[in-house]
Amino acid sequence: MELFRNTDEVEALRIQADQVCVDYNGTLALYDASLKLKAGCICGLVGMNGAGKSTFFKALMGFVRPSRGKILINGSSVTTAQKDQAVAYVPQNDGVDCSFPVSVWDVVMMGRYGSMNFLRVPRESDKRAVFDALERVELVSLRNRPIGSLSGGQRKRAFLARAIAQRASVLLLDEPFAGVDIRTEKLMADLFVQLRQDSRSILISTHDLSHVRDFCDVVVLINKTVLAYGETSEVFTSENLSMTFGGMKPDPISGSISFDE
Amino acid sequence: MSKYMNDLFITSQTFAFLLDPLSHEFMRRALMISALVGGVCGLLSCYMTLKGWALMGDAVSHAVMPGVVVAYALGLPFSLGAFVFGVGSVALIGFVKQKSRVKEDTIIGLVFTGFFALGLVLVSKIKSNIDLMHILFGSPLGISDSDVHQTILICLIVVLVLIIYRRDLMLYCFDPTHARSIGINTGLLHYLLLSVLSLAAVAGLQTVGIILVVAMLITPGATAYLLTDRFDRMTFIAVISSIISSVLGVYISYWFDIETGGSIVLVQTTLFLLAFLFAPRYGILKINNLN
Ligand SMILES: Nc1ncnc2c1ncn2[C@@H]1O[C@H](COP(=O)(O)OP(=O)(O)O)[C@@H](O)[C@H]1O
Ligand SMILES: [Mg+2]
C-alpha cells in the first residue's frame with residue numbers, strides 16, 4: 001500500500017485521505033479509509049452498492065464530517081481547495097429540480113462562478129471555457145435548451161461539462177457511467193483520458209469492472225473500508241474482486257478481513 | 001361633433017379616468033408605494049417559488065406581526081421589530097426541526113400561527129394607536145410619511161441584495177451542493193434570503209397587509225414561471241406583472257371603492273389564471289401547440 005514513500009511525491013499528491021471514518025448517527029458507513037492520488041492519474045473506486053463510495057466522496061468534499069481522519073486536497077484543507085476551485089464534484093444523483101428555468105449553457109456556466117468576480121459577470125475566458133466543455137461532451141448544439149428538456153444521459157453530460165468548465169485539478173465523479181448508453185460511455189472514457197493528459201486527477205466510482213481495466217491507473221477496492229489499493233494490474237486479481245463483491249466481510253472492530261461463510 | 005372630435009373626447013375621457021385619481025396626494029403616494037413594493041416583492045417571488053419557500057413566506061409574513069406591534073409600542077421603527085421577529089421565527093423553526101421528530105411543514109404551521117396569535121393578543125392588550133385592520137389588510141391609501149420613508153429604505157436594501165447576489169442566489173436555489181463545492185458560503189446565502197424575505201414581508205404588509213402578503217411573494221413568480229424557461233426573463237416578467245397588478249389594483253380600488261389589498265392580489269391572481277390558461281408552452285390551452 002505504500003505507493004509513495006518519497007517526500008517529493010507526497011508533495012505532489014492531489015488527494016490525501018488518511019484513515020477517514022464516517023458514521024451516520026452512529027451507524028458506521030466508512031472506516032479507516034486511506035487514499036493517495038497523484039497528479040495526472042485516474043483512480044477507480046470500486047465496491048458494491050452501499051459499500052460507502054458516495055460517502056467517501058462526500059467526506060472528500062466536506063459534506064459529511066468524518067468522525068476521525070484527515071483529508072487534504074492539493075496539500076490544503078478541503079475548504080481552501082474548494083475556494084481555490086481545485087476540486088470539482090459531480091454527485092451520483094444531481095438532485096436538482098429539472099424544471100428550473102435555466103439553459104444548458106447557464107448550467108455549465110455555473111462551473112465558472114467560483115472564478116468570477118462577486119457579481120458573477122462572465123468574461124470572454126469564461127465563455128470560452130464553457131464552450132470548450134460543451135464541445136468535449138458534444139452538447140454544443142443543445143446549449144440553448146432548458147436543462148429539463150434533456151434526456152438522462154445528456155443531463156449527465158451537462159453536469160460533467162460543468163465540472164470540466166471549472167478547470168479544477170481534481171475531479172470527483174460519483175458513478176458517471178450509471179444509466180448512460182454505450183456511445184456516451186465511450187465519449188466519457190475518451191474524455192477522462194484527455195483530462196489525464198492535462199495532468200488532472202480523477203477519482204471515479206463504478207461497479208463496472210471493464211472501465212477500470214480500460215483506463216484506471218490505480219484502483220481502490222472498498223467495502224466500508226479500503227480492502228485493496230494500488231496499480232490496477234496488481235490489485236485487480238480475482239481474489240481481491242471476490243473479496244470486494246463476494247462472501248467476505250470486513251471486521252469493523254479489528255479492521256481486518258475475515259470470512260463470512 | 002365630427003368623428004375626430006368624438007375620438008378626442010373619448011380619449012380625454014379615458015385620460016381623465018386615469019389622471020383624475022392622480023390629483024389626490026394620497027393616491028399618488030399609494031400608487032408610488034404600491035408599485036415599488038410590488039416590484040420588489042415580484043423580484044423576490046422568483047426565488048421563493050424556485051426554492052419552494054411559499055410556506056416559509058407565509059410563515060415569516062405572519063410571524064412579523066408581534067414584532068410590528070412591539071416596535072410601535074416602544075416607538076421604534078416597525079421594520080426593526082418585524083425583521084427581528086421574522087428572522088427569529090425562522091431560526092426557531094430550524095431549531096425545533098433539528099431537536100424534534102416533528103415534520104418541517106407541521107413546525108412551520110405551528111410556529112407562525114403561534115407568533116400570529118401572540119401578535120393579536122399584544123394588539124388587544126397594548127393600547128396604542130395601532131390599527132389592527134391596517135396591519136392585517138394593509139392601507140396604502142392611508143400610509144404615513146415615516147412609513148413611506150421606511151418602506152422605501154427597505155425596498156432599496158432588498159433590491160440591492162437581490163441584485164448583488166442575483167447569480168449566487170439562483171445557484172443556491174438550483175443546486176446548493178454545487179454552490180458549496182465551489183466554495184460559496186451557502187449558510188450565508190440561506191440567511192441572506194431569509195432576511196430579505198422578512199424585510200419584503202414588512203414592505204408588502206404596507207400595501208396588502210399581513211394576511212395577503214404571501215400572495216405578493218409567490219404569485220408573480222408563479223405567473224412568470226409559466227411564461228418562460230429563462231431565469232433572467234422570469235425575474236423581468238415577475239417584476240413587471242407585479243408592478244402592473246399593484247398599480248391596477250390601486251386604481252380599481254379607487255374607481256369601485258373596494259378594499260385595496262384584496263384588489264391588488266385579485267389582479268395578480270387574474271394574471272396568474274391567464275398565464276395558466278394561455279401561456280404558450282405551459283398553459284393548459286397551449287394555443288401555440290395546436291398545429
Ligand atoms: N444520509 C445517510 N443517512 C444514513 N445512512 C446513510 C446515508 N447515506 C448513506 N448511508 C448508508 O451508508 C452506507 C454507504 O452508502 P453509500 O456511500 O451511498 O454507498 P455507495 O455509494 O457505495 O452505494 C449505506 O449502508 C447507506 O445505507
Ligand atoms: Mg453511491
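Everything numeric in this text was worked out from a predicted model, so none of it was measured. Each chain gets a letter, A, B and so on, in the order the sequences are listed, and its residues count up from 1.
In this structure, Phe276(B) places its CZ atom where only 12 or fewer heavy-atom neighbours from other residues, nucleotides or ligands lie under 6.0 Å away.
Side-chain contact between Arg162(A) and Asp175(B): present, with at least one pair of heavy atoms (C-beta onward) separated by less than 4.5 Å. For the pair Asp229(B) and Ser149(A), the minimum side-chain heavy-atom distance is 4.5 Å or more. Annotation: side chain of Met170(B) is in contact with side chain of Val102(A) (closest heavy-atom distance under 4.5 Å). Using a 4.5 Å heavy-atom cutoff, the side chains of Phe63(A) and Thr177(B) are in contact.
Of the options Met110(A), Gln85(A), Arg112(A), a side-chain contact (heavy atoms from CB on, under 4.5 Å) to Ile182(B) is made by Gln85(A) and by none of the others.
Between chain B and the residues Tyr89(A), Phe118(A), Tyr113(A), the most heavy-atom pairs under 4.5 angstrom are made by Tyr113(A). Of all the listed residues (Ser99(A), Gly111(A), Ala88(A)), the one sharing the greatest number of non-hydrogen pairs under 4.5 Å with chain B is Ser99(A). Each of Leu172(A), Asn144(A), Asp94(A) has some count of heavy-atom pairs under 4.5 Å with chain B, and the biggest count is that of Asn144(A).
Neither the backbone nor the side chain of Asn117(A) has a heavy atom closer than 4.5 Å to any heavy atom of chain B. Only the side chain of Val107(A) comes within contact range of chain B, with at least one heavy atom under 4.5 Å from a heavy atom of that chain. Neither the backbone nor the side chain of Thr80(A) comes within contact range of chain B; no heavy atoms are under 4.5 Å apart. If you measure heavy-atom distances from Ile184(B) to chain A, the contacts under 4.5 Å come from the side chain alone. Heavy atoms closer than 4.5 Å to chain A are found nowhere in Tyr165(B), neither backbone nor side chain. Contact annotation for Cys46(B): neither backbone nor side-chain heavy atoms come within less than 4.5 Å of a heavy atom of chain A.
Atom CZ of Phe174(B) sits about 9.0 Å away from atom SG of Cys98(A), to the nearest 0.5 Å.
No donor-acceptor pair closer than 3.5 Å links the side chain of Tyr225(B) to the backbone N or O of Pro101(A).
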For this session: Would you check, one step at a time, whether the test side-chain contact (heavy atoms from CB on, under 4.5 Å) holds for Thr79(A) with Arg180(B)?
Result: CA-CA 9 Å; Thr79(A) 328; Arg180(B) 277 182 73 181; over 6 Å; no

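A salt bridge between Asp106(A) and Arg167(B) is absent, with no side-chain N of the basic residue lying under 4.0 Å from a carboxylate O of the acidic one.
Between Met61(A) and Ser181(B), the shortest heavy-atom distance links the atoms CE-CB, 3.1 Å.
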